[in-house]
There are 2 protein chains.
Amino acid sequence: MAAKSRPKSDAPDASDRVGRIREGVTAAILEHRLLPGTKLGEDEIGEIYGSSRTLVRTALQQLAHEGIVNIEKNRGAFVARPTPADAREVFEARRLIEPTIVDHAVDAVSPAWIGRLQRHLAEEREAELRGDARASVRLSGDFHRLVAEMSGHSIYLGFLKELIARSSLIILLYRRHDTPACGTDHHAGIVAAIRKRDRAAARAQMLSHLDEIEAELFLKDPAADELRLADVLGA
Amino acid sequence: MAAKSRPKSDAPDASDRVGRIREGVTAAILEHRLLPGTKLGEDEIGEIYGSSRTLVRTALQQLAHEGIVNIEKNRGAFVARPTPADAREVFEARRLIEPTIVDHAVDAVSPAWIGRLQRHLAEEREAELRGDARASVRLSGDFHRLVAEMSGHSIYLGFLKELIARSSLIILLYRRHDTPACGTDHHAGIVAAIRKRDRAAARAQMLSHLDEIEAELFLKDPAADELRLADVLGA
DNA sequence: ACAGGCGAAACTTTATACAATCCTCGCCTG
DNA sequence: CAGGCGAGGATTGTATAAAGTTTCGCCTGT
């Protein structure tokens, strides 16, 4: 976990250090280790990854473009805090795009892809089984990303990556706590429909899956601004 | 706590030099003054805008994220050259998103918005009339962006901005030269449908408009890239 | 004692300097 | 004379230093 600030890097694939920073921060946000509103200081992150602020800044700008980080002029970067209006927009966009994506996924069906999907379902089930909420959240998003990759449409894939990242923040902020485990069964059903090349069923299941996720949200205006920087730093 | 009682605004173009570089380069690309494959040297652009390479680099990275610029490692930034496959993806995405956008535009209809739309139509007609192809191209894209702004959905707006920018490059690369002036009448029809709050008609007209634009393209495999390069150098 | 302003510290923003990489072109060899 | 090879130049990638802005504590005046 602790990255060392070694001047002469020995890393095998130290080629794309910006990418590694971006992935690391993204994972932390998507797994809900970094809470909305948390300040992302350039020095702080640079120290963690052993890089200068130039690279950190590049990564943060990319995340800002993806919508999961807000950059305020002369103030710094913060984990985004989507509003209920944002949430509604994100899920409307997902309801529009994802049925089309599964359509294309059906067209691209192959044993190799079915294998990847089922392996992913197994991972999801395992994480859920051992109560790993963080992995669960991440894998749930990864499932949708995987289907988008399968569709072969790079534009939809790029859009969906953004929507998934924002969704994760939205779920963190607005999920009702009384909801039980969700999703895995839906995902399995979607995979089954894709394997059977049943477009209509695949679309319908994806749509109802998204509806259910959104139904579990309580989109009130946020009054609780409890940002716990201490928690993040302590961990 | 009054966290953000005053948004402090984002200073549209007062001190945002990165934004000015981005807008400038974008406009040049969208107006077809910069052709696909053109090298965008950092020093070169920095000289033009009187800024250091730091800011130029930031702007180029944003454009790369929008898909109209390609950045090759240790090579530099180039105006993107969408493939026919890219073109099909872009227009499929537009056919999916834009009908929904006009739906929302109908919901948001108001005298002020109708005024803005009609003023825009007048601008378009004027540019077409005086044969200003560059302004025509830019304004044609701006029309779609305006409708997206009217819809009030920031997610759709962001997505569409990307799609429009890419479309402009695609049209430049693959348009049949024998096609006459297009679009303005369609745009007028769309505005009329929006004003009448006729969702079905608005959607249908937008869809047929996009179909017509795509029908004017000749999406062959780019074996003629080298020939294009000769054109660029000769021009 | 409290409100308001002054000043210093911390952070972001921008510029510049240094290092690494790639392309070009001339030279050498077969 | 053709083709490979290496040095030089140019350009990008990264780090560091200077400049500007915001924030927060402290001090003063009422």
Side-chain angles (χ1 to χ4, degrees), chain A residues 3-22 24-25 34 37-65 69-80 225 227 229-230 232-233, chain B residues 1-25 34 37-65 69-80 226 229 233:
Chain A
K4 29 256 162 238
S5 55
R6 204 174 307 172
K8 260 314 198 276
S9 175
D10 58 335
D13 62 336
S15 52
D16 191 2
R17 291 193 283 173
V18 171
R20 219 164 38 203
I21 297 172
R22 190 187 59 234
V25 177
L34 286 170
T38 304
K39 168 84 180 280
L40 301 171
E42 296 181 354
D43 270 325
E44 198 177 354
I45 297 174
E47 192 71 22
I48 291 170
Y49 289 95
S51 293
S52 97
R53 295 204 305 282
T54 306
L55 307 183
V56 175
R57 169 171 281 273
T58 300
L60 289 176
Q61 283 169 342
Q62 293 179 13
L63 295 178
H65 197 106
V69 159
N70 282 337
I71 293 180
E72 299 178 25
K73 192 167 170 55
N74 290 319
R75 293 277 323 265
F78 304 84
V79 179
D225 279 1
L227 57 93
L229 179 62
V232 176
L233 296 179
Chain B
M1 186 176 286
K4 36 175 37 180
S5 52
R6 189 158 40 104
K8 194 62 89 180
S9 176
D10 38 7
D13 37 21
S15 66
D16 189 1
R17 294 196 284 171
V18 172
R20 218 162 40 204
I21 297 172
R22 191 187 57 234
E23 308 274 331
V25 177
L34 285 170
T38 304
K39 170 82 180 283
L40 301 171
E42 297 181 354
D43 273 324
E44 196 178 355
I45 297 174
E47 194 71 22
I48 292 169
Y49 290 94
S51 293
S52 106
R53 280 177 43 217
T54 306
L55 306 182
V56 175
R57 173 175 282 274
T58 299
L60 288 176
Q61 283 168 343
Q62 292 179 15
L63 295 177
H65 197 106
V69 158
N70 282 338
I71 292 181
E72 299 177 24
K73 191 167 172 57
N74 291 318
R75 292 274 325 255
F78 304 84
V79 179
E226 291 79 0
L229 180 58
L233 297 178

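Note on naming: letters A, B, ... go to the chains in the order of the sequence lines (proteins, then strands), and numbering restarts at 1 for each one. Not measured: the values here are computed from a predicted model.
The separation between D43(A) atom CG and dA9(C) atom P is 17 Å, rounded to whole Å. We find that CZ of R20(A) is positioned 15 Å from C1' of dT14(D), with the value rounded to whole Å. We find that NZ of K39(B) is positioned 14 Å from P of dC22(C), with the value rounded to whole Å. Nucleotide dA17(D) holds its C1' atom 15 Å from the CD atom of E42(A), rounded to whole Å. Taking atom CD of E47(B) as the reference point, atom P of dT16(C) lies 11 Å away to the nearest angstrom. Atom-to-atom, CD of E72(B) to C1' of dT12(D) comes out at 12 Å; the value is rounded to the nearest Å. Put simply, CG on L60(A) is 10 Å from P on dT13(C), counting in whole angstrom units. The CG atom of L40(B) sits 10 Å away from the P atom of dT12(D) (whole-angstrom rounding).
The shortest side-chain heavy-atom distance between F78(A) and E72(A) falls under the 4.5 Å cut-off. Annotation: side chain of R20(B) is in contact with side chain of R17(B) (closest heavy-atom distance under 4.5 Å). Contact check for L60(B) versus I45(B): side-chain heavy atoms found under the 4.5 Å cut-off.
Under the Watson-Crick or G-U wobble criterion, with both distances below 3.5 Å, dG26(C) is paired with dC5(D).
Nucleotides of DNA chain D nearest to N74(A) and T54(A) differ in position, and the one nearer the 5' end is that of T54(A).
In this model, the phosphate group of dT11(D) is not approached by any side-chain N or O of K73(B) to a distance below 4.0 Å at OP1 or OP2. For R17(A), a side-chain nitrogen or oxygen approaches OP1 or OP2 of dA15(D) to under 4.0 Å.
No hydrogens or angles were tested; on distance alone, a donor-acceptor pair under 3.5 Å links the side chain of R53(A) to the base of dT13(C). Counting distance only, with no hydrogens placed and no angle test, the side-chain atoms of R75(B) and the base atoms of dG13(D) include no donor-acceptor pair under 3.5 Å.
Residues that satisfy the salt bridge (Lys or Arg N to Asp or Glu O under 4.0 Å) test with R57(B), not counting sequence neighbours, are E42(B).
None of V56(A), T58(A), I48(A), D16(A) except one satisfies the side-chain contact (heavy atoms from CB on, under 4.5 Å) rule with I21(A); the exception is V56(A).
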